[in-house]
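As the structure is a computational prediction, the values presented were derived from the model and not from experiment. All values below come from the heavy atoms of this structure, side chains included, with hydrogens, waters and symmetry mates left out.
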Amino acid sequence: MPMSCSRRGLLLASGGAALSLGPIGAPAGAAPGGRGVKATGGGADDVFATVRARWRTLLLGEGFRPTAEPFRAKLAGLGATAARHAARMAPTGTSLWPDAVWAAPVPGSESDASAASAAIRTSFRRLYTMAEAFAQPGTGVTGDDALADAVIAGLDHLYARVYHEHQAPFGNWYDWQIGSPQALLDTAVLLYDRLTADRIAAWCRAVDTFVPDTAVARYTGTSTGANRVDLCRVLAVRGVLERRDDKVALAARAVAPVLPYVTEGDGLYADGSIVQHTYVPYTGTYGAVLLDGLAKLFALLADSPWQITDPNRANVFHAVEAAFAPFLHNGLCMDGVSGRAVARGQVPGSPLGQTDDHTRGHVLMAAIVALGRSADAEANRRWRSLVKGWIRRATPSRSPVTDQRLSVAHLALLHEVLDDGRVTAAEQPCDSRVFPAMDRAVHRRPGWVASVSMCSRRIAYYEHGNGENLHGWHTGAGMLYWWGRDFADEQYSDRFWPTVDPYRLPGTTVSAKRLADGEGGPWGAARPDTDFAGGTGDGTFTVLGQHLKGLSSTLEAHKSWFLLDDAVVCLGSAVTARDGTAIETVVENRHLGAEGTNTFTVDGRAQPSAPPWSATLSGARWAHLAGHGGYVFPAFPGSATLRARREERTGAWHDINTATGSPTRFSSRFLTLWFDHGTAPVDEGYAYVLLPGASARRTAAWAATLRHRLRYVAARDVHGIRVPHLGLTAAVFFAAGRCGRLTADGPACVLVRERRDGTAVVCVGDPTRTRTDLTVTWHRPVRGIVSRPGTVVAASTGAALRLIFAGLSRAAGVTQRITVRLG
C-alpha cells in the first residue's frame with residue numbers, strides 16, 4: 001500500500017490564523033463550478049486577489065508583535081535558517097543543495113527512489129522557508145531582494161530539472177502530490193507580486209501533471225482522510241494562483257467525502273475514532289493534518305463562491321471535543337494515537353529540539369483555535385477555554401506558547417487565546433471514553449490521566465514505514481500510558497522511545513522473542529486474527545478487555561483493565577505460549593530521565609536507588625515509586641514471579657528511525673516491574689492495581705484494606721471486579737459465563753453502577769463488534785426500566801434484570817446504556 005512520507009515539516013511550517021477579511025463577492029459572470037475563469041480585472045479578479053491575500057495571512061499569521069517573545073526569537077531563527085539555505089544553494093543537474101540530491105534512482109531500489117523524491121520535497125520546503133523569512137517582519141532578511149531572487153531562481157531550477165510536466169514521478173507519491181506542490185504553491189503566494197504570469201503558468205502545469213483532477217475523482221487509495229484534505233488544499237491554492245474557478249470549485253467539492261462519518265477504513269468515526277492507512281489510530285498526526293487542513297480551507301473559502309457549506313461540516317466541529325480533546329493532556333497529544341510519528345525525535349542538525357507528543361499537541365491546539373473561526377460562537381468559546389486550560393497546565397519548559405518548532409502563525413493563534421482576558425481556562429475534565437473503532441480508551445480524572453492501546457483484526461499492532469518506528473512492535477499489546485495532573489508530562493517525551501526496552505512497554509503482555517526491524521510488514525500490515533478488543537463504560541468508569549495474540553509469536557492472553565476513580569485494576573488470564581522464550585506482563589516501565597534516582601519502596605523498605613539493580617519480589621504486597629505512584633499486588637494463584645529492575649539504557653533516534661533520526665547516542669534511566677510467566681506458560685495469569693500519583697502511605701493503606709476496597713475474579717474466560725464504595729460491578733466475558741451477579745451468553749463487557757437515588761446504570765458493549773444478539777443478566781432485584789436503547793428487543797425485571805440485545809454489530813461496539821429502578 002503506498003503511503004505518506006513524514007508530515008512533520010508540513011505541520012510545523014504551515015499555520016492557521018484569525019482572519020479579519022470581510023465577505024467576498026461573487027465573480028462577475030461566473031457560477032461556482034464553472035470552467036476556466038481567468039479574469040484580468042473587475043469583480044472576478046478582486047475575488048481571487050482577496051482569496052490569495054487570505055491564504056497569505058493564513059500562512060504568515062497576524063495580530064502578533066514581532067519584537068515580543070517568543071516571536072522575536074522565532075523570526076530571528078527563521079531569518080538565520082533562510083540565510084543559511086541561501087548561502088548553501090549550489091544548483092547542479094541533480095540538486096539545488098548538495099545534501100538533497102534527486103539523482104535518478106537505481107532501478108528496483110525503492111529506498112533510493114524514496115530518498116530521491118524526498119530530496120525534491122526538501123528542496124521546495126527550504127525555498128518556502130526562505131520565502132517566509134522574506135515575507136515575515138523582523139527576520140533580518142525581511143524584504144531582501146537578493147533572497148527573493150534566490151527563491152525564484154530555485155523554483156525555476158526545480159521546474160527545469162525535475163518538477164515539470166514531462167517528468168515521470170518516482171519514489172514516494174506523497175512527495176509529488178502533496179509535499180512538493182504545497183511548498184511550491186505557498187511560496188508562489190508569498191512572492192506573487194514578483195512573479196510573471198509565464199512562471200506561474202509553468203509551475204501550475206507541473207502541479208496539474210502530478211495532481212490532476214482525477215486525483216480526487218474517487219475516494220479511495222491515497223485520496224482519503226487527511227491525504228484527501230491535503231490534495232484539496234493543493235487544488236484550491238493552485239486555482240487561486242492562476243485564477244481558475246474550476247480548480248477552486250473542484251477543491252471545495254472534493255472535500256465532501258471527508259466530512260461524513262465512516263464505518264470502516266480511513267476517516268472520522270461517530271465514536272470519535274480517527275483512522276488512517278486503514279488500520280492505524282491516527283488522531284495525533286493524520287488527524288491533526290485533517291483538522292488543520294479543514295480549518296484552513298473553511299477559512300480560505302468562507303463567504304466566497306466556493307464556500308464549503310456541506311452540512312457534514314458539523315461532524316468536524318463535533319470532533320474537536322469528541323475525538324481530539326480526549327487525547328490532549330496539558331498540551332501534549334498522546335502517543336497511542338500518533339502512529340509512527342512517535343519515532344520522529346531529534347533530527348540531525350536541527351536547532352529547534354525534538355518533535356514529540358508536546359509539539360504534536362501544540363499543533364493540534366492551534367488548529368482547534370483556527371477551526372473555531374468557522375464554528376458558532378458557543379463552540380468557539382468552549383474550545384478557546386479548553387486551549388487556555390492546556391496552556392496553563394503545560395510543563396513550563398514545554399509551554400505551547402513558547403514552542404519554537406511551531407510556525408509563527410500557530411504561535412500567534414495560541415497567544416491570541418492566552419492574552420484574551422475574556423477566556424477562562426477550563427479545568428482538567430473528569431470522564432472516561434472508549435473508542436471502539438480504533439481499539440483505544442482514555443480515562444481522565446482530576447489528578448491523572450490514562451490511556452490504553454489495543455489491537456485486533458481491525459487495528460494494527462503498530463505501524464512502521466519510511467524507516468520510521470522500527471521497534472513499535474508491542475505498542476498495541478495493551479500498552480498502558482499514564483500522566484499526572486502536574487507531573488510526568490515528560491514520561492514518553494525526551495528520551496523515552498529510543499532508550500526504552502521495546503519488549504517491556506508498560507501494561508503489555510509479550511514474548512521476549514527477538515523481532516526484526518519492522519517485523520510484520522509496513523503501513524499497519526501486522527494485525528492479530530482476533531476480534532475481542534474494546535469495552536464499555538458510563539462516562540465516569542470503564543471496563544476494557546483484549547484477547548491478545550502476540551506479533552510473530554505463539555503467545556495468547558486474556559487481558560482486562562478496570563478504570564476507576566483512583567486506580568486502574570489490571571487482570572490477566574489464559575497466558576499461554578510455546579515460543580521457548582520468556583513471556584512477561586509488564587506492570588510498569590517508568591522513565592526516570594537521564595539521572596533519575598527516584599526512591600523505590602517495596603512493602604515499606606526502600607530499595608537501592610542507583611542502577612544497575614534487580615530483584616525478585618516474591619510475596620510483595622505493594623510497591624511505590626517516588627514522584628509517580630503506587631502498585632498493589634493482590635494474591636493470585638499461579639507461578640508468575642514479580643521482578644524489578646533499575647537500569648540505564650542507551651540508544652539513538654536513528655535506531656528506530658533510519659530516515660531522519662539522529663545517530664547521536666544518549667542514555668536514560670528506567671524502573672521496570674514485570675511478572676515473569678516462564679518460557680512455556682499454560683493458562684497463567686496476573687493481577688495488579690496501579691495507583692497514579694498515590695503516596696507511599698496511601699499505597700500501603702490500599703494494600704492493607706484491599707479486601708474491603710475490591711473484590712475480583714480472573715478466571716480463564718471471565719474477569720470481573722466489585723467495588724462496594726462505588727456501587728460498581730464490572731466484568732469482561734471472553735466467552736459465555738458468570739461473574740458474581742452478572743452472566744452473559746457470549747463475549748461482552750458489562751459495567752453496572754448503582755446510584756444513591758435508587759437507580760442503576762447498566763452498560764453493555766460487544767468488543768468483538770461481530771455479534772448480532774446478546775443476552776446479559778444482572779441477578780439483582782429490579783423494579784423497572786427507566787430508559788433503554790433500541791438494541792434491547794426484550795427485557796424482564798423482578799428478581800433479576802434480563803436483557804436481550806439485537807443488532808449489536810450494527811452499533812459498531814458502542815456502549816448500550818440502560819437505566820433501571822432498583823427493587
Side-chain angles (χ1 to χ4, degrees), residues 225-226 229 258-276 280-295 298 310-329 332-334 336-338 360-361 363-372 374-376 378-387 389-390 426-445 449-453 459 534-542 544 563 763 765 769 789 811-817:
V229 173
V258 178
L259 305 179
Y261 292 128
V262 300
T263 57
E264 62 181 2
D266 294 355
L268 175 63
Y269 290 72
D271 67 15
S273 299
I274 297 178
V275 172
Q276 194 82 33
V280 186
Y282 250 130
T283 310
T285 42
Y286 282 90
V289 172
L290 183 144
L291 195 70
D292 185 75
L294 288 175
F298 289 168
D310 191 310
N312 284 316
R313 281 176 26 136
N315 296 339
V316 179
F317 298 140
H318 181 255
V320 169
E321 291 163 278
F324 293 99
F327 291 98
L328 285 162
H329 171 68
L332 64 83
C333 180
M334 300 177 189
V337 290
S338 294
R360 287 189 291 277
V363 170
L364 258 177
M365 290 162 60
I368 289 170
V369 178
L371 185 67
S374 300
D376 64 72
E378 176 56 26
N380 188 35
R381 183 199 63 76
R382 292 196 311 272
W383 301 351
R384 291 166 75 86
S385 180
L386 286 171
V387 170
W390 292 323
E427 292 296 322
Q428 178 160 297
C430 182
D431 64 3
S432 196
R433 305 191 191 190
V434 181
F435 297 83
M438 61 180 183
D439 294 353
R440 298 293 187 267
V442 171
H443 187 66
R444 301 187 290 184
R445 316 315 294 162
V449 174
S451 181
V452 178
S453 294
I459 294 296
T536 190
D538 66 350
T540 300
F541 304 120
T542 289
L544 302 169
L563 305 167
C763 301
R769 295 172 59 194
V814 176
T815 287
Q816 310 302 303
R817 179 175 176 141

If every non-hydrogen atom of Leu544 is compared with every non-hydrogen atom of Ala441, which pair is closest and at what distance?
-> CD1-CB, 3.5 Å
Would a 4.5 Å heavy-atom cut-off, applied to side chains only, mark Leu364 and Leu291 as touching?
-> yes
Shortest non-hydrogen contact from Ser273 toward Pro436 = OG-N, 4.3 Å
Parallel, tilted or perpendicular: ring planes of His318 versus Tyr261, cut at 30 and 60 degrees | perpendicular
So do the side chains of Ile368 and Leu386 get within less than 4.5 Å of each other, counting heavy atoms only?
-> no
Set of side-chain hydrogen bond (donor to acceptor under 3.5 Å, both in side chains) partners for Arg817, sequence neighbours left out | none
How far apart are the closest heavy atoms of Asn312 and Asp310, and which atoms are they?
-> N-OD1, 2.7 Å
Can you check whether Gly336's main-chain N or O pairs, donor with acceptor, with Arg440's side chain at less than 3.5 Å?
-> yes
Straight-line distance of Arg445 CZ to Ser432 OG, nearest 0.5 Å | 6.5 Å
Can you list the steps and then say if Tyr282 with Val337 is a side-chain contact (heavy atoms from CB on, under 4.5 Å)?
-> CA-CA 5 Å; Tyr282 250 130; Val337 290; over 6 Å; no
What is the minimum heavy-atom distance between Arg360 and Gly284, and which atoms define it?
-> CD-O, 4.0 Å
Are any of the side-chain heavy atoms of Phe435 and Pro326 separated by less than 4.5 Å?
-> yes
Tell me, do Phe541 and Leu563 make a side-chain contact under 4.5 Å, heavy atoms counted?
-> no
pair Phe327-Val442: side-chain heavy atoms closer than 4.5 Å = yes
Would you confirm whether Thr815, through its side chain, and Cys763, through its main-chain N or O, come within 3.5 Å as a donor-acceptor pair?
-> no
Identify the heavy atoms of Phe298 and Ser374 that sit nearest to each other, and give their distance.
-> CB-OG, 3.4 Å
Close side-chain approach of Ile274 and Tyr286, heavy atoms under 4.5 Å = no
Side-chain donor or acceptor of Asp431 paired with backbone N/O of His443 under 3.5 Å = no
Would you say the side-chain atoms of Ser385 pair up with the backbone N or O of Ala426, donor to acceptor, closer than 3.5 Å?
-> yes
Verdict with supporting geometry, Thr283 and Met334, side-chain contact (heavy atoms from CB on, under 4.5 Å) = CA-CA 9 Å; Thr283 310; Met334 300 177 189; over 6 Å; no
Would you check if Trp383 and Leu371 make a side-chain contact, meaning some heavy-atom pair closer than 4.5 Å?
-> yes
Would you say the side-chain atoms of Gln276 pair up with the backbone N or O of Ala226, donor to acceptor, closer than 3.5 Å?
-> yes
Within a strict 4.5 Å, meaning less than it, do heavy atoms of the Leu290 and Leu268 side chains meet?
-> no
At their closest point, which heavy atom of Arg433 faces which heavy atom of Ala322, and how far apart are they?
-> NH1-CA, 3.5 Å
Leu259 vs Val316, side-chain contact (heavy atoms from CB on, under 4.5 Å): CA-CA, chis, key distance, verdict | CA-CA 7 Å; Leu259 305 179; Val316 179; 3.6 Å; yes
Salt bridge (charged side-chain N to carboxylate O under 4.0 Å, His left out) against Asp538, all qualifying residues, sequence neighbours excluded | Arg753
Pairing residues for Trp390 by the side-chain hydrogen bond (donor to acceptor under 3.5 Å, both in side chains) criterion, not counting sequence neighbours | none
